[in-house]
Amino acid sequence: MTDILPSEFFTDPGPSPHAATTELRSKCPVHRINIPPGAEAYAVLGNKVVEEAFGDPRLSKQVENLPAQYRDKATASSLLVVGNLGFADPPKHSRLKKPISKAFLPGTVARLRPRIQDIVDDLIDAFPESGEFDLLSAFALPLPLIAICEYLGIPVEDRPLFQEWSYVLSQDPLQHAESELKAASEEFADYFTKLVAERRNDLRDDLLSELIRARDEEVFSERELLSTILLLIIAGHKTVANMVGNGTTLLLLHPEQLATLRTTPELIPSAIEEILRYEGSAAWASLRVAAQDMRLGGVDIPKGSFVHLSLSGAGHDPEVYDDPERFDITRSPNRHLSFGHGAHFCIGAPLARLQGEIAFSTLLRRLPRFELAVPPEEIAWIADSSLSRGLEALPVRLDGRLPR
């Protein structure tokens with residue numbers, strides 16, 4: 001480990017950014033990286049070391065453990081990192097997780113199946129009978145946004161606001177424009193402060209009402225309540241949208257796999273796991289900082305260093321996966337780290353998987369013939385996000401649409 005990896009390594013959208021990781025990982029699973037620029041920071045690229053890091057209590061998720069100059073910027077510019085379970089260590093993490101954990105248990109989420117099916121069919125009903133359109137904006141983006149808004153109990157007619165806030169506020173606060181993050185955070189806080197005040201007089205059987213009850217029982221502070229709502233919207237929207245968009249792209253780029261899935265739809269759950277491994281919704285795990293001097297993957301990491309866990313690198317590690325560059329919807333076993341691991345395993349994973357299952361099964365059933373409307377090399381990946389792995393658009397050509 002000699003050279004410091006450039007910032008571009010962190011944000012390279014590439015059509016396939018995995019090749020650059022392969023050679024580096026073979027030399028050492030941990031490398032210095034210039035993210036944030038000028039900081040002491042490390043990229044963890046090997047599957048086993050990423051999994052080890054997920055469970056290492058010496059790595060903190062709390063901004064309070066950042067070096068002062070980064071801590072002040074993060075807390076000043078983004079509501080996302082200052083009071084939810086995604087950016088908390090035990091015991092704070094347990095306190096913030098408890099009020100929402102029941103809402104995302106597989107059995108609870110399964111009750112949403114009929115409504116998610118209706119949302120999926122309504123969106124497909126709006127597709128053209130034939131011709132070209134953007135599947136991302138027409139389907140992958142609105143599906144999870146409508147679902148999470150309804151689950152929280154937020155007026156769905158306001159969802160265009162959430163789509164914009166989700167896009168801006170999911171950016172890394174240490175990499176994105178501070179003024180834009182701050183403005184979006186303030187707009188989000190103003191909206192939900194008013195909505196929470198209104199809903200306190202009209203509590204319902206929805207997740208937002210449960211969060212308000214937890215706030216009134218002093219489980220949450222007001223800022224933690226707002227931060228938790230923001231986390232649920234971002235995690236419930238952008239990651240699922242990326243999963244559907246990335247997965248559809250992979251299937252269209254691998255027609256033999258798509259054909260297998262059409263004839264054997266019971267493979268859809270397996271296909272979703274392979275999509276998550278091969279081209280997951282997030283290229284990197286969220287903020288972690290060394291709370292003390294430590295050693296990881298044979299590399300000494302000083303206290304206060306940023307430690308970036310490469311979910312993409314972990315998913316393509318040949319020490320764990322046979323022929324990792326092969327997209328194979330029948331791959332088994334297929335244990336991946338795209339939802340995290342340990343205490344910070346994604347609480348919304350059951351809801352994400354359910355939406356993916358319904359989305360892919362319905363697309364394949366109702367769209368007997370569709371294909372990419374551009375050459376594969378023209379598919380554009382989002383280039384200005386350090387964490388997400390998603391598309392700018394997904395142009396497809398449709399030939400026929402079956403009724404629901």
A.B. asks: Can you check salt bridge (charged side-chain N to carboxylate O under 4.0 Å, His left out) on Glu51 and Arg335, steps first, answer last?
C.D. replies: CA-CA 11 Å; Glu51 181 172 339; Arg335 182 174 176 270; 3.0 Å; yes
A.B. asks: Take Ser60 and Asn65 through the test side-chain hydrogen bond (donor to acceptor under 3.5 Å, both in side chains) and record every step on the way to the result.
C.D. replies: CA-CA 7 Å; Ser60 174; Asn65 286 313; 2.7 Å; yes
A.B. asks: Identify the heavy atoms of Leu123 and Ala138 that sit nearest to each other, and give their distance.
C.D. replies: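 The answer is CD2-O, 3.8 Å.
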A.B. asks: Verify side chain to side chain contact (heavy atoms under 4.5 Å, CB included) between Gln257 and Phe327, making sure each step is shown before the conclusion.
C.D. replies: CA-CA 8 Å; Gln257 299 286 296; Phe327 178 65; 4.0 Å; yes
A.B. asks: Using 0.5 Å steps for rounding, measure from the NZ atom of Lys98 to the CG atom of Leu85.
C.D. replies: 14.5 Å
A.B. asks: Check whether more than 12 heavy atoms from other residues, nucleotides or ligands sit under 6.0 Å from atom CD of Glu256, and answer yes or no.
C.D. replies: yes
A.B. asks: Answer yes or no: is there a donor N or O on one side and an acceptor on the other, between the side chain of Ser94 and the main chain of Pro90, under 3.5 Å?
C.D. replies: no
A.B. asks: Please assess Arg200 against Glu222 for the test salt bridge (charged side-chain N to carboxylate O under 4.0 Å, His left out), listing each intermediate value before the final yes or no.
C.D. replies: CA-CA 13 Å; Arg200 275 199 170 94; Glu222 195 71 21; 3.7 Å; yes
A.B. asks: Rounded to the nearest 0.5 Å, what separates atom CZ in Phe306 from atom OH in Tyr70?
C.D. replies: 6.0 Å
A.B. asks: Working note: Ser137 + Asp134, criterion side-chain hydrogen bond (donor to acceptor under 3.5 Å, both in side chains); need CA distance, chi angles, decisive distance, verdict.
C.D. replies: CA-CA 6 Å; Ser137 61; Asp134 177 18; 3.0 Å; yes
A.B. asks: With the threshold set at 4.0 Å, does a side-chain nitrogen-carboxylate oxygen contact exist between Glu23 and Lys27?
C.D. replies: yes
A.B. asks: Under 3.5 Å, is there a donor-acceptor pair between the side chain of Asn246 and the main chain of Arg389?
C.D. replies: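 Checked: pair present.
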A.B. asks: How close do Arg366 and Asp125 get, heavy atom to heavy atom, and via which atoms?
C.D. replies: NH2-OD1, 2.7 Å
A.B. asks: If you compare all heavy atoms of Pro144 against all heavy atoms of Ala241, which two are closest, and at what distance to 0.1 Å?
C.D. replies: CG-N, 3.7 Å
A.B. asks: Check Leu367 against Arg262 and note the closest heavy-atom contact, atom names and distance.
C.D. replies: O-NH2, 2.9 Å
A.B. asks: Before you tell me yes or no, could you show the steps for Tyr42 and Ile33 under side chain to side chain contact (heavy atoms under 4.5 Å, CB included), namely the whole-Å CA-CA distance, both residues' side-chain angles and the distance that decides it to 0.1 Å?
C.D. replies: CA-CA 5 Å; Tyr42 297 81; Ile33 188 169; 5.6 Å; no
A.B. asks: Measure the CD1-CD distance between Ile146 and Gln355 for me, rounded to the nearest 0.5 Å.
C.D. replies: 10.0 Å
A.B. asks: Going through the distances and angles, do Arg404 and Asp122 end up as a salt bridge (charged side-chain N to carboxylate O under 4.0 Å, His left out)?
C.D. replies: CA-CA 9 Å; Arg404 63 172 76 192; Asp122 287 345; 2.6 Å; yes
A.B. asks: Is any side-chain heavy atom of Ile154 closer than 4.5 Å to a side-chain heavy atom of Ile233?
C.D. replies: yes
A.B. asks: Using a cut-off of 6.0 Å, state whether more than 12 heavy atoms not belonging to Asp323 lie near its atom CG.
C.D. replies: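 Yes, CG of Asp323 has more than 12 neighbouring heavy atoms, counting only those of other groups under 6.0 Å.
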A.B. asks: Using the benzene-type ring in the case of Trp, are the ring centres of Tyr278 and His316 under 6.0 Å apart?
C.D. replies: yes
A.B. asks: Tell me whether Asp89 is salt-bridged to Arg58, with the criterion being a basic N under 4.0 Å from an acidic carboxylate O.
C.D. replies: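 Salt bridge flag = no for Arg58 with Asp89.
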A.B. asks: Okay, side chain of Arg331, backbone of Arg326: is any donor-acceptor separation there less than 3.5 Å?
C.D. replies: yes
A.B. asks: Taking the side chain as every heavy atom from C-beta outward, state whether Arg25 and Pro318 have any atom pair closer than 4.5 Å.
C.D. replies: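 SC-SC contact between Arg25 and Pro318 confirmed.
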A.B. asks: Under 3.5 Å, is there a donor on one side chain and an acceptor on the other for Ser281 and Asn242?
C.D. replies: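 No - no donor-acceptor pair under 3.5 Å links their side chains.
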A.B. asks: Check residues 186-199 and write down every donor-acceptor pair under 3.5 Å in which the side-chain atom is one partner and the other belongs to a residue at least two apart or another chain.
C.D. replies:
unit_1, atom_1, unit_2, atom_2, d
Glu187, OE1, Trp165, NE1, 3.1
Tyr191, OH, Asp158, OD2, 2.5
Thr193, OG1, Ala189, O, 2.6
Arg199, NH1, Gly153, O, 3.2
Arg199, NH1, Asp206, OD2, 3.1
Arg199, NH2, Gly153, O, 2.7

A.B. asks: Test side chain to side chain contact (heavy atoms under 4.5 Å, CB included) on Ile234 and Phe162 and set out the steps.
C.D. replies: CA-CA 9 Å; Ile234 290 176; Phe162 305 136; over 6 Å; no
A.B. asks: So with a 6.0 Å cut-off around CD of Glu266, is the heavy-atom count from everything else above 12?
C.D. replies: yes
A.B. asks: For Asn34 and Ile4, work out which heavy atoms get closest and say how close.
C.D. replies: N-CG2, 3.6 Å
A.B. asks: State, to 0.1 Å, how close Glu132 and Ala373 come at their nearest heavy-atom pair, and which atoms those are.
C.D. replies: CD-CB, 3.8 Å
A.B. asks: List the steps, then state whether side-chain hydrogen bond (donor to acceptor under 3.5 Å, both in side chains) holds for Ser286 with Lys61.
C.D. replies: CA-CA 8 Å; Ser286 56; Lys61 297 280 289 169; 2.5 Å; yes
A.B. asks: Can you tell me how far the CG atom of Leu226 sits from the CG atom of Leu80, to the nearest 0.5 Å?
C.D. replies: 12.5 Å
A.B. asks: I'd like to know if the side chain of Asp317 reaches the main chain of Gly46, judged simply by a donor and an acceptor atom lying under 3.5 Å from each other, with no hydrogens or angles considered.
C.D. replies: no
A.B. asks: Before giving the answer on side-chain hydrogen bond (donor to acceptor under 3.5 Å, both in side chains), spell out for Thr330 and Asp328 the whole-Å C-alpha distance, their side-chain angles and the decisive distance to 0.1 Å.
C.D. replies: CA-CA 5 Å; Thr330 67; Asp328 179 5; 2.7 Å; yes
A.B. asks: Verify side chain to side chain contact (heavy atoms under 4.5 Å, CB included) between Ile301 and Asp293, making sure each step is shown before the conclusion.
C.D. replies: CA-CA 6 Å; Ile301 297 176; Asp293 292 341; over 6 Å; no
A.B. asks: Does the His341 side chain pair with the main chain of Gly55, one donor and one acceptor, at a distance under 3.5 Å?
C.D. replies: no
A.B. asks: Taking atom NZ of Lys92 as the centre, does the number of heavy atoms from other residues, nucleotides or ligands within less than 6.0 Å exceed 12?
C.D. replies: yes
A.B. asks: Do side-chain atoms of Ser310 reach the backbone of Leu45 as a donor and acceptor pair under 3.5 angstrom?
C.D. replies: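 No.
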A.B. asks: Any donor-acceptor pair under 3.5 Å linking the side chain of Arg32 with the backbone of Glu40?
C.D. replies: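 No.
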A.B. asks: Hey, is the main chain of Ala235 close enough, under 3.5 Å, to the side chain of Thr239 for a donor-acceptor pair?
C.D. replies: yes
A.B. asks: With rounding to the nearest 0.5 angstrom, report the CG to CD1 distance, Leu105 to Ile100.
C.D. replies: 11.0 Å
A.B. asks: I would like to know whether Phe139 and Phe133 meet ring-ring contact (aromatic ring centres under 6.0 Å, His included); could you show each step before the answer?
C.D. replies: CA-CA 10 Å; Phe139 186 75; Phe133 68 105; 9.2 Å; no
A.B. asks: Treating Arg288 as the side-chain partner and Leu59 as the backbone partner, does any N or O pair qualify as donor plus acceptor under 3.5 Å?
C.D. replies: no
A.B. asks: Determine yes or no for a side-chain-to-main-chain donor-acceptor pair under 3.5 angstrom, with Ser361 supplying the side chain and Ile358 the backbone.
C.D. replies: yes
A.B. asks: Go through the steps to decide whether Glu274 and Arg277 satisfy the test salt bridge (charged side-chain N to carboxylate O under 4.0 Å, His left out), and finish with yes or no.
C.D. replies: CA-CA 5 Å; Glu274 179 68 345; Arg277 178 200 72 84; 2.8 Å; yes
